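A quick write-up on the structure given underneath.
The structure displayed is predicted, hence computed values, not measured ones. Heavy atoms only: backbone and side chains are in, while hydrogens, waters and symmetry mates are out.
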Amino acid sequence: MEKLIKINPRDNVAVAISPLFKGDIITFDGATYTLINDLPAGHKMALQDIKEGEKVIKYGYPIGAATCDIPRGAHVHAFNIKTLLSEEAAYTYDEKKAQEYIEEARIKELSWKDKIPTIRAYERKNGDIGIRNELWIIPTVGCVNKIGEALCSWAQKNLGIEDGVHVWTHPFGCSQLGDDHDNTRHILANLVHHPNAGGVLVLSLGCENNTPESFRELVGQVDEERVKFMTCQKVDDEIAEGEKLLGQIADAMKKDERTSVSMARLRVGFKCGGSDGFSGITANPLVGRFCDELTAMGGTAVLTEVPEMFGAEQILMDRAKDRQTFEEVVALINNFKHYFTSHGQVVYENPSPGNKAGGISTLEDKSLGCVQKGGRSIVTGVAKYGERITAKGLNLLSGPGNDIVSTTAQSAAGVHLILFTTGRGTPLGSPVPTVKIATNSELARNKKNWIDFNAGRLLSEDERTVTNDLLQYIVKLASGDVKTQNELHGYAEISIFKDGVVL
């Protein structure tokens, strides 16, 4: 087995597959190297002399420039390279390149003709499907969180809801202004409509800015047998009344049964957190291959965490289905850059300390690995934060890199499950099943109570086998035959994006 991996033929660095040490002599790619420094797994080694100011190439693209002369065999990392990013960038629409991607996608679509897998899901009255039949309690304001928790605990013990009962607590719904107030309302309203919830109790206080009346209007049409509204200030005993309403919802839910449906109806979100030097080599490309298969079937994929597109955004723009979509992607990127600069922050204040410890040196390094979760799929839609996804294919959703905020946004956008790649490990879960995909086998071995799938296998196994195994796992997951670790351990929460003033 090789000790290094070169991702793209144009690269002038290679990544250590396992720890290497100063003085080690390695033969790789027809050349012999003597290591000048210790090299942790996931970190980069110079394949040639790199002069000060010269670009460091990984994934076939620049990930920064050398801040000093770097000799071949040396460790290449944050201490000797710097970002090339700035707040301003020019983007170009290449129609010829876009058409090449579109033709590639058309050919892949033909490969799934009459072979699309089926899953067993719940048909909803509005024509959607759910892959879980959970009972959700959604507070409209943080003041009633504890009431919601008390009702959730009672329902878990008394109602026999097989897939589970959850309360999505949060601190907002009052004392917010402008976009923050709108974001809270839209995220919560979209969760009310989520098809994985077979029933919902909307829990209000009564005097909050997110008034029960205005929120009810925003939610719009619902199945009144499945969605109930309660204003705590208007009932004598909110616990007794809440238990009664939950019982009514549960009675309606117990009629539900799974039925066979096409996997093309599935919506899947993609996210990474605690990335390391293997993220862009194993887990993210694996998710990208799944993305290509899902969209070729006619399914829907959602990619978010916009700040982790910076430095790799042109790759996504090149795959826009048309000029209008290209312009929407440009606006998505520039609007998020403006969010940074409006707060006096630079756009490239990334990666995190954990990312750097894992081998990621610059934001370009992180982003070029991150966007691989979108594979080579055509970008068919761009959605604002708080919006629901409507377009089939690969959608870009506005949202920050923060794990809980972005997975909440994807859940509210309507994804049925999230594929979450991680190199450092995290127990995090969102309102939907959150599949943790380890970038390396050591993490998968050490954190079996967090990790659902090991992409580290790609370093020693055929990629087709591993990709097919992931696809089959998702069929089982969507059909309710297996549950994710976050579901088994009850790790699920929401967080809503906040920008402005709290009164």
Inset, instruction - Given salt bridge (charged side-chain N to carboxylate O under 4.0 Å, His left out), test Lys44 with Asp365 step by step and report yes or no. - result: CA-CA 11 Å; Lys44 297 174 289 295; Asp365 193 357; 3.0 Å; yes
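- Side chains of Thr465 and Asn468: no donor on one and acceptor on the other come within 3.5 Å.
- Figure legend: cation-pi geometry between Lys6 and Phe28 absent, as NZ or CZ is not positioned both under 6.0 Å from the six-membered ring centre and within 45° of its axis.
- Asp469 has a carboxylate O that lies under 4.0 Å from a charged side-chain N of Arg457, or vice versa, which qualifies the two as a salt bridge.
- Lys373 has a carboxylate O that lies under 4.0 Å from a charged side-chain N of Glu305, or vice versa, which qualifies the two as a salt bridge.
- Side chain to side chain, Asp276 and Asn440 meet the donor-acceptor criterion of an N or O pair below 3.5 Å.
- Between Phe310 and Phe340, the ring planes lie perpendicular to each other; the angle is over 60°, past the 30° to 60° tilted range.
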Legend entry - Check against side-chain contact (heavy atoms from CB on, under 4.5 Å), Glu364 and Tyr61: CA-CA 9 Å; Glu364 299 100 300; Tyr61 294 91; over 6 Å; no
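- Taking every heavy atom of both residues into account, Ala455 and Thr282 meet most closely at O-CB, 3.4 Å.
- Aromatic pair Tyr339/Phe497: centroids less than 6.0 angstrom apart.
- Residues Glu487 and Thr484 bring a donor and an acceptor atom of their side chains to less than 3.5 Å of each other.
- Look at Arg265 and Glu123 and you find a salt bridge, because one of the NZ, NE, NH1 or NH2 atoms lies within 4.0 Å of a carboxylate O, short of that distance.
- Taking the six-membered ring where tryptophan is involved, the planes of Trp136 and His194 are tilted, since the angle between them lies from 30° to 60°.
- Between Asp11 and Lys58, none of the side-chain N atoms (NZ, or NE/NH1/NH2) sits under 4.0 Å from a carboxylate O, so this pair counts as no salt bridge.
- Remark: the backbone N or O of Lys108 is paired with a side-chain donor or acceptor of Ser111 at under 3.5 angstrom.
- Using a 3.5 Å distance cut-off with no hydrogens or angles, the side chains of Lys436 and Asn486 do not pair a donor with an acceptor.
- In this structure, Phe336 and Pro307 approach most closely via the heavy-atom pair CE2-CG, 3.6 Å.
- A salt bridge does not link Arg323 to Glu95: none of the charged nitrogens lies less than 4.0 Å from a carboxylate oxygen.
- Not less than 6.0 angstrom separates the ring centroid of Trp168 from the ring centroid of His170.
- Listed by chain and number, the residues in a side-chain contact (heavy atoms from CB on, under 4.5 Å) with Ser377 are Cys291, Asp292, Thr295, Leu394 (sequence neighbours excluded).
- Between the side chains of His193 and Asp128, no donor N or O sits under 3.5 Å from an acceptor N or O.
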Residues 418-432, side-chain donor-acceptor partners within the protein, below 3.5 Å, at least two apart:
unit_1: Thr421; atom_1: OG1; unit_2: Asn284; atom_2: OD1; d: 2.6
unit_1: Thr422; atom_1: OG1; unit_2: Gly273; atom_2: O; d: 2.8
unit_1: Thr422; atom_1: OG1; unit_2: Gly425; atom_2: N; d: 2.8
unit_1: Arg424; atom_1: NE; unit_2: Gly354; atom_2: O; d: 3.4
unit_1: Thr426; atom_1: OG1; unit_2: Leu428; atom_2: N; d: 3.3
unit_1: Ser430; atom_1: OG; unit_2: Val432; atom_2: N; d: 3.2
unit_1: Ser430; atom_1: OG; unit_2: Val432; atom_2: O; d: 3.0
unit_1: Ser430; atom_1: OG; unit_2: Thr434; atom_2: OG1; d: 2.9

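- For the residue pair Asn355 and Ser275, no side-chain donor N or O sits within less than 3.5 Å of a side-chain acceptor on the partner.
- Salt bridge annotation for Glu103-Arg106: present, with a cationic side-chain nitrogen under 4.0 angstrom from a carboxylate oxygen.
- Taking the six-membered ring for Trp and thresholds of 30 and 60 degrees, His77 and His75 have nearly parallel ring planes, at less than 30 degrees apart.
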Inset, instruction - Give the intermediate values and the outcome of salt bridge (charged side-chain N to carboxylate O under 4.0 Å, His left out) for residues Glu104 and Arg376. - result: CA-CA 9 Å; Glu104 179 183 324; Arg376 296 175 65 84; 2.6 Å; yes
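- Using a 4.0 Å cut-off between a side-chain N of Lys or Arg and a carboxylate O of Asp or Glu, Lys321 and Glu328 do not qualify as a salt bridge.
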